[in-house]
Amino acid sequence: MTAPPITETRVITARIHERPDDSWTIGAALTTGAYDTLRQVLATGDASAVQEQVKLSGLRGRGGAGFPAAQKWSFLPAGSYPRYLVVNGDEGEPSTFKDRMLVERDPHQLVEGIAISSYAIGCNKAFVYLRGEFALGYERLTQAIADARGQGFLGDNVLSSGFDLDIVVHRGAGAYICGEETALLESLEGERGMPRIRPPFPAIAGLYAKPTVVNNVETISTVPHIMRMGGEAYAKLGVNRSTGTRLFSVSGHVNRPGNYEVELGVTFRQLIDDLCGGVREGRGIKFFIPGGASSQWLTGSDEHLDAPLDMDYVQQTFGVMLGSGAVMVFDETTDPLLVAWRLCKFFAHESCGKCTPCREGTGWIEMVLYRMLHGQGRPEDLDLLLDVGDNICPGLNAPFSQTTICPLGPSAVSPVVSLHKLFRDEVLAACGAGSRAGVTG
Amino acid sequence: MSASYFSDANLLRAKEILARYPRPKSAILPLAHLAQDQDGWLSCEAMMEISRLVGVTPAEVQGTTSFYTMFKREPCGRLLVSVCTNVSCLVTGGPEVLDHLRSRYASDADVTVEEVECLAACGGAPSMQVNYEYHERLTPESAESLVEEYRAGRRTPRTISGSKAAG
């Protein structure tokens, strides 16, 4: 018996679907309940209640690492001010496109989330670091902030509560590494976007060396709903420690690529078949990347396709991650070596150059994959790549161990390990057999 | 002392930008975007002016800005066409779009074609931006038609840094 097809569970995408033509405007936002929750939160006058509800909700960061949001907030040292909330909108993980949608299509949800979260942690100046290429998102978010200020939801003495809040939108300028939270803070301070050594963690010494919380756009956009529903009710959505809903950006060879909001716990097969209409031309899935370019890969086997979207389950069972929620699907005509090379070319390009294993290693990985892809591979090349990878990410496991400050270097090793685990024979045959056929599309 | 690099209107904007930040150095990126809005690229004169406004050395401004690919350190075309070839676009025809536009505009000073990393538009792959305006589900032919629409004035391009064109 087959289960009935799943549908989306629209919490943070409700307004986007309800008002497809003007969801980003203050008018549409106000008629669909925006800022009602902020008003209620400020009326109770209890910031710690917000922290408590977010803790009860089990909300984990939606940027990639999946760290519990309330716990991150709790690391702020008592009595130390000013402190900053920095929203990470530097979405650049290949094939992730959820935050762009949230900023472009529902900026008021984000602004309300920032206001509630800032109130919870005692922040009076919040920053949104927005990817530089998001020109429309910048325009709409800036407008939303101006309109919210006009309505008294931002500025001095918000809704006569005595709480002050100012939000600054800061545009990046084309550097993937600035999605890493300490590189982001460097960039926001006007420096090259190079990660900082921790400790000190941002909660202790972050932006301008002040206590700072860095949260992803989707994480913050979820906060108003947690306060509206109640933390316990929100935690009833989802599965195990993966509570709530998440946006999955599905792309590649599916019939209906796009962003889908689902309850955590549905399977990859349900996401790909029920919501995305399966693979183009009825083909089979050769492999898919379950959580952004940094994750290791899974295949089209039943075991992998029927795995639940549960952050801990996929990590413990398969050594992969849900990461940023980007699911890339590749059909049976795809050359895995081509995909691996392109991803590693990306990481080599985006390496900031601070740590030697990453600066040198990502470049060599890309070059060796390039020669393998172009018929110049040697039988020992795959093991050579694993050896280079082991110098960046000792043990080649996920979650990463690393000889680098940040996870960019280890991320470049994921495609190599995936080739080794899933396609070793195919890759070795290609390297032994001389020239390969060209690029597939 | 020479006159300001920035126009009067942009100098006011620059001061408003500086006032947003607890520390002036944070304004380097937004001021560099402002310079590109004005002139279409980030010149030495622009970086000198930014260094004066921020209160750091010109070398520090260059040190920071040279890290970021959106800052163009030489003049480019009036239209900046950024074509994604990262994996979702790779397997749906992005490289073909890039090759076609590159050869089509190879000797056209008005149009600069660049290959870029993931633009977060994978649901509409293959995708590109023209002066940071998104265009999705492209073919080589539709991509060229779009660029031609900008050239013919049927679409209004944003600035080289992606801001709405003034006026």
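Letters A, B, ... mirror the listed sequences (proteins, then strands); counts begin at 1. Since we're looking at a predicted model, the values are computed, not measured.
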Checklist outcome for this item: Rounded to the nearest 0.5 Å, the CZ atom of Arg23(B) sits from the CG atom of Leu207(A) at a distance of 8.0 Å

Item to check | Structural part of Ser66(B) lying under 4.5 Å from a heavy atom of chain A | outcome: both

Item to check | Contacting moiety of Ile289(A), where chain B heavy atoms sit under 4.5 Å | outcome: neither

Item to check | Contacting moiety of Tyr138(A), where chain B heavy atoms sit under 4.5 Å | outcome: side chain

Checklist entry - At a heavy-atom separation under 4.5 Å, does Arg171(A) approach chain B through its side chain, its backbone, both, or neither? => result both

Item to check | Note, Phe67(B) side chain near Ser187(A) side chain (heavy atom, < 4.5 Å) | outcome: no

Item to check | Interface moiety of Val116(B) toward chain A, non-hydrogen atoms closer than 4.5 Å | outcome: backbone

Checklist entry - Is there side-chain contact between Arg342(A) and Val91(B), with at least one heavy-atom pair below 4.5 Å? => result no

Next on the checklist: If you count heavy-atom pairs within less than 4.5 Å of chain B, which of Met328(A), Arg131(A), Glu91(A), Lys125(A) leads?
Outcome noted: Arg131(A)

Checklist entry - Which bit of His349(A) comes within less than 4.5 Å of chain B, counting heavy atoms only: side chain, backbone, both or neither? => result side chain

Item to check | OG1 on Thr69(B) to CD on Glu350(A), rounded to 0.5 Å | outcome: 7.0 Å

Next on the checklist: I'd like to verify something: which residue of Tyr132(B), Phe71(B), Tyr134(B) has the highest number of heavy-atom pairs under 4.5 Å with chain A?
Outcome noted: Tyr134(B)

Item to check | Listed partners of Ser88(B) passing side chain to side chain donor-acceptor pair (under 3.5 Å), at least two apart | outcome: Ser95(A), Ser251(A)

Item to check | Heavy-atom side-chain contact between Val87(B) and Phe346(A) under 4.5 Å | outcome: no

Checklist entry - With a 4.5 angstrom heavy-atom cut-off, which part of Glu191(A) approaches chain B: side chain, backbone, both or neither? => result both

Checklist outcome for this item: When every non-hydrogen atom of Arg158(B) is compared with those of Ala135(A), the smallest separation belongs to NH1-CB, 3.8 Å

Checklist entry - At a heavy-atom separation under 4.5 Å, does Arg20(B) approach chain A through its side chain, its backbone, both, or neither? => result both

Checklist entry - Quick one: of Gly190(A), Ala173(A), Pro257(A), who has the most non-hydrogen atom pairs under 4.5 Å with chain B? => result Ala173(A)

Next on the checklist: For the CD atom of Glu189(A) and the CG atom of Leu29(B), what is their distance to the nearest 0.5 Å?
Outcome noted: 12.5 Å

Checklist entry - Measuring heavy-atom distances to chain A, does Ala125(B) have an atom under 4.5 Å in its side chain, in its backbone, in both, or in neither? => result neither

Checklist entry - Given a strict heavy-atom distance threshold of 4.5 Å, which part of Tyr84(A) is in contact with chain B: side chain, backbone, both, or neither? => result side chain

Item to check | Residues Arg192(A), Glu60(B): salt bridge by 4.0 Å N-O rule | outcome: no

Checklist entry - Do the side chain of His253(A) and the main chain of Thr92(B) share a donor and acceptor less than 3.5 angstrom apart? => result no

Item to check | Most contacts with chain B, counted as non-hydrogen pairs under 4.5 angstrom, among Gly174(A), Ala293(A), Ala175(A) | outcome: Gly174(A)

Checklist entry - Val339(A) versus chain B, heavy atoms under 4.5 Å apart: side chain, backbone, both or neither? => result both

Checklist entry - Relative to chain B, which of Gly258(A), Gly193(A), Gly132(A) shows the most heavy atom pairs under 4.5 Å? => result Gly193(A)

Checklist entry - Checking heavy atoms, do the side chain of Cys352(A), its backbone, both or neither come under 4.5 Å from chain B? => result both

Checklist outcome for this item: Okay, Glu186(A) and chain B: the region with an atom under 4.5 Å from a heavy atom over there is neither

Item to check | Part of Glu136(B) lying under 4.5 Å from any heavy atom of chain A | outcome: side chain

Checklist outcome for this item: Rounding to 0.5 Å, atoms CD (Gln129(B)) and CZ (Phe134(A)) come to a distance of 8.5 Å

Next on the checklist: So for Ser82(B), is it side chain, backbone, both, or neither that comes closer than 4.5 Å to the heavy atoms of chain A?
Outcome noted: neither

Checklist entry - If you tally heavy-atom pairs under 4.5 Å against chain A, which of Gly162(B), Gly63(B), Cys89(B) wins? => result Gly63(B)

Checklist entry - Nearest 0.5 Å, what's the NZ-CG distance between Lys345(A) and Asn86(B)? => result 9.0 Å

Item to check | Side chain proximity check, Met70(B) to Glu133(A), heavy atoms < 4.5 angstrom | outcome: yes

Next on the checklist: In terms of relative ring orientation, are Tyr21(B) and Phe127(A) parallel, tilted or perpendicular, with 30° and 60° separating the classes?
Outcome noted: parallel

Checklist entry - So Ser26(B) and Tyr208(A), side-chain contact (heavy atoms from CB on, under 4.5 Å) or not? Walk me through it. => result CA-CA 10 Å; Ser26(B) 286; Tyr208(A) 310 120; 2.5 Å; yes

Item to check | Atom CD of Glu74(B): over 12 foreign heavy atoms under 6.0 Å | outcome: no

